[in-house]
Amino acid sequence: MRLSQMLFVTLREAPADAEIPSHQLLLRAGYIRRIARGVYAYLPLMWRVLQKVSRIVREEMDATGAQECLLPQLQPAELWRESGRWDTYTQAEGIMFSLRDRWDREMSLGPTHEEVITAIARELIRSYRQLPLHLYQLQTKFRDEIRPRFGLMRGREFIMKDGYSFHADEASLKQTYADMDRAYRNMFRRCGLQFRAVEADSGAIGGSGSQEFMVLADAGEDEVLYTEDGKYSANVEKAVSLPPDPIPSPFTTYEKVPTPNTETIAKMCAALKCDPTQVVKDVLYQVVYDNGLTVLVIVSIRGDQDINEVKLQNELAKRAETYAAKTVLALSVPDANTQAKWAAQPLPLGYIAPDLPDSYIAKRQGVHPTFLRLVDQTAVDLKNFATGANEVDFHVVGANWGEQFPLPDVVDVRKACVGDRAVHDPSQILQSARGIEVGHIFQLGTKYSQAMGATFTDEDGTERPLVMGCYGVGVSRLAQAAVEQSFDEDGIIWPVAIAPYHAIIVIPNTGDAQQVAVAETLYAELNQAGIETLLDDRDERAGVKFKDADLIGIPYRIVTGRSLKQGKVEVVTRATKASQEVPVSEVASTLKQWVTEAIG
Ligand code: ATP
Ligand code: MG
């Protein structure tokens, strides 16, 4: 392709709303344009990158025996009602775009496709003889994200590869899951990414085991905790660890003590001269279930520990049935405004005890009249602890479960932190890294097949729900993640395998007939040899062309400059800036070799 004929516009400055390097660079280098919040146009250079990533994804998927298809983006609400996800995905913080069609039917734009694929499987899969089966697609997904940001990293319209597998039993699912693990590692390696596979929370998709693939980068929205021995790595949402041992309590008798202005753990510990590990902290949450019911929750946890809200939400989802609900719509720490909606009297905030009386909850329609009380494992074994007195400016000390306070329901909702000891080997200390989630594989089990009645007839003639897995790759996010991992002060450095072009020929002076002639010959020769080549034939200063070539990140730059007199051109490797003079006649074979080696 000739730059003179391309829509080629680069920007000197990054737009103000682009916060991270990869987003700035893709905008500046003319790969993407923002059309609306979280909605981007993929311009021709970007589309080539996306096609290359897609091709690698397809090759690895096809190699496992999975089959490509294309499912509708427009999906009927009924299917989502059958699975029980319509409300969670459309109400409160739900991320599904929904609409009414001309027949007044509710529809949505697919954020994911478990419902559609399960409906198809329900109709077409009858017998164990048809299993296992794995269908996948590459498609634009729609998600009305709460915080779309960082360009393609968190878009509201983005490209995903999603695959769904069907099995007669768990063993078969596990086999495909392992195949996907391998296929994903291959994909990300071939795309030139440095990544880590981590244990993950299964979130709203549901199911049992799941693993995420994280591209390691400082701008990553996810935190990964891992150990040096390589035996443990998990998303912080899922991670477990051993908390530090508590320091024995200095309190020996139970008493209520005045502690004015100590609404934080730090202030309270200073006033009581105790360590946070001797404190039971009581945190108030409010959960809204899908039947509209609000339940107030008190979570008691050791004072030095924090609550992992993903784990808490999972615990609350498990209890949905108790409240005649199916799932959790929203979980939050109620602010003054929301407290006013249910509190019968002002709450002793900062001084709450595990037994805060239910009379604080006003009798209201839609509000459960009693607190759900939970205690994290870290607080269960504490003796003679300090905690709130349910009265502003007072705490109690020397308290014990089973004496002053009944022990609430025991749960694990503690947030694991960097510096904690690992569970598998306490001599290993958890380290932290930032990651960009580019892939996620799930063992779904029978969640969807059961809810939607997708069954098959087993070998012995019994009818059973299909066992399912699902596997996603964020294709557009992955492409930007590659930039986030590989750039310098001059611009993007694409991994060769996914670069839009392999090489760019720069003619420093288009007024020089020899420079133009050699460039034209090389341009034809390289493309002929399968080296995807750009020709910068624009009537621009040489400096501008070099800057643009660096900015757009093409792996090899060929300059038909001064050394032409010796029958040579300058070849510069973008990543290392290493430059060498190569005889014109050897350029194609040299580059062919480099590109082949780099792509592997
Ligand atoms: P996240 O936790 O980042 O919101 P998710 O866990 O909801 O993502 P999945 O449902 O697992 O996402 O989707 C599969 C893949 O699609 C993710 O691993 C990610 O790479 C990509 N992806 C998800 N949401 C977005 C988005 N808003 N923009 C771009 N890519 C996305
Ligand atoms: Mg995910």
Side-chain angles (χ1 to χ4, degrees), residues 20 22-23 26 32 34 36-40 42 46 50 53-54 57 61 85 88-89 93-97 109-115 117 136-164 177 180-181 183-185 187-188 191 193 195-207 209-217 219-224 234-238 309-310 313-314 434-444 447-448 469-485:
I20 60 171
S22 57
H23 185 197
L26 289 178
I32 56 174
R34 181 184 184 276
R37 180 178 294 181
V39 179
Y40 288 83
Y42 311 120
M46 191 74 223
L50 293 170
V53 174
S54 304
V57 169
M61 291 303 295
R85 290 206 297 180
T88 18
Y89 269 77
E93 299 194 333
I95 45 106
M96 186 155 68
F97 286 101
L109 290 177
T112 178
H113 279 74
E114 284 80 7
E115 280 76 2
I117 198 84
Y136 77 94
Q137 60 172 344
L138 275 108
Q139 189 192 54
T140 295
K141 292 280 187 278
F142 297 90
R143 292 187 183 182
D144 196 0
E145 295 278 358
I146 299 163
R147 268 181 296 281
R149 57 175 189 165
F150 299 162
L152 308 186
M153 292 285 191
R154 186 167 296 283
R156 296 199 299 159
E157 182 178 324
F158 59 95
I159 303 173
M160 196 201 286
K161 185 287 291 182
D162 49 328
Y164 307 86
Y177 186 77
M180 281 303 111
D181 179 29
Y184 274 39
R185 287 171 198 268
M187 281 175 205
F188 302 137
C191 288
L193 299 168
F195 65 95
R196 194 183 273 276
V198 307
E199 285 177 24
D201 178 68
S202 301
I205 304 273
S210 100
Q211 181 172 282
E212 286 166 345
F213 295 84
M214 297 285 185
V215 165
L216 303 174
E221 290 189 280
D222 284 284
E223 185 183 359
V224 174
N235 190 316
V236 68
E237 293 178 347
K238 170 84 177 176
E309 293 187 0
V310 174
Q313 172 142 352
N314 291 340
R434 306 297 305 179
I436 300 165
E437 179 194 327
V438 290
H440 198 164
I441 59 178
F442 296 83
Q443 296 178 34
L444 288 176
K447 174 175 163 154
Y448 296 90
C470 80
Y471 319 92
V473 175
V475 171
S476 45
R477 181 186 283 184
L478 183 160
Q480 186 174 328
V483 178
E484 195 58 41
Q485 219 172 38

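Numbering of ligands and ligand atoms starts at 1, following listing order. Predicted model only: the values in this text are computed from it and were never measured.
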Grab the two heavy atoms, one from M153 and one from R477, that are nearest each other, plus how far apart they are.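 Minimum heavy-atom contact is O-NE, 2.6 Å.
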
Closest contact, heavy atoms only, L193 versus A482: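 Heavy atoms only, the tightest pair is CD2-CA, 3.6 Å.
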
Go through ligand 1 atom by atom and flag the ones less than 4.0 Å from a non-hydrogen atom of E145.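 Matching atoms, with element in brackets: 24 (N), 26 (C), 27 (N).
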
For ligand 1, which atoms have a heavy atom of G439 less than 4.0 angstrom away?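 Result: 18 (O).
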
Selection from [options] by shortest heavy-atom distance to [atom]:
atom	options	value
atom 9 (P) of ligand 1	E114, K141, R143	R143
atom 16 (O) of ligand 1	M160, E157, R156	M160
atom 18 (O) of ligand 1	M153, E437, H440, R147	E437

Salt bridge (Lys or Arg N to Asp or Glu O under 4.0 Å) evaluation trace for E221 with R149: CA-CA 10 Å; E221 290 189 280; R149 57 175 189 165; 2.9 Å; yes

Parallel, tilted or perpendicular: which one describes the rings of F188 and F213, with boundaries at 30° and 60°?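 It falls in the tilted class, 30° to 60°.
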
Yes or no: does E212 have any heavy atom under 4.0 Å from an atom of ligand 1?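 The answer is no, since E212 has no heavy atom less than 4.0 Å from ligand 1.
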
L152 heavy atom under 4.0 Å from ligand 1: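 The answer is yes: ligand 1 sits under 4.0 Å from a heavy atom of L152.
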
Okay, side chain of R156, backbone of V39: is any donor-acceptor separation there less than 3.5 Å?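 Answer holds: no.
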
Would you say [X] and ligand 1 have an N/O pair spaced under 3.5 Å apart?
X	value
R154	yes
F442	no
R477	yes

Are any of the side-chain heavy atoms of K447 and L444 separated by less than 4.5 Å?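 They are not in side-chain contact.
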
Contact between R85 and M96 at the side-chain level, heavy atoms closer than 4.5 Å - yes or no?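 Side-chain contact under 4.5 Å: no.
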
How does T112 reach ligand 1, by side chain, by backbone, by both or by neither, if only non-hydrogen atoms under 4.0 Å count?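 No part of T112 is near ligand 1 at this cut-off.
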
CE/M187 to CE/M180 distance, rounded to the nearest 0.5 angstrom?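 CE of M180 is found 6.5 Å from CE of M187.
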
In the protein, N/O/S atoms that are found under 2.8 Å from the Mg ion (ligand 2), waters not counted: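 Result, waters dropped: E437 OE2, H440 ND1.
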
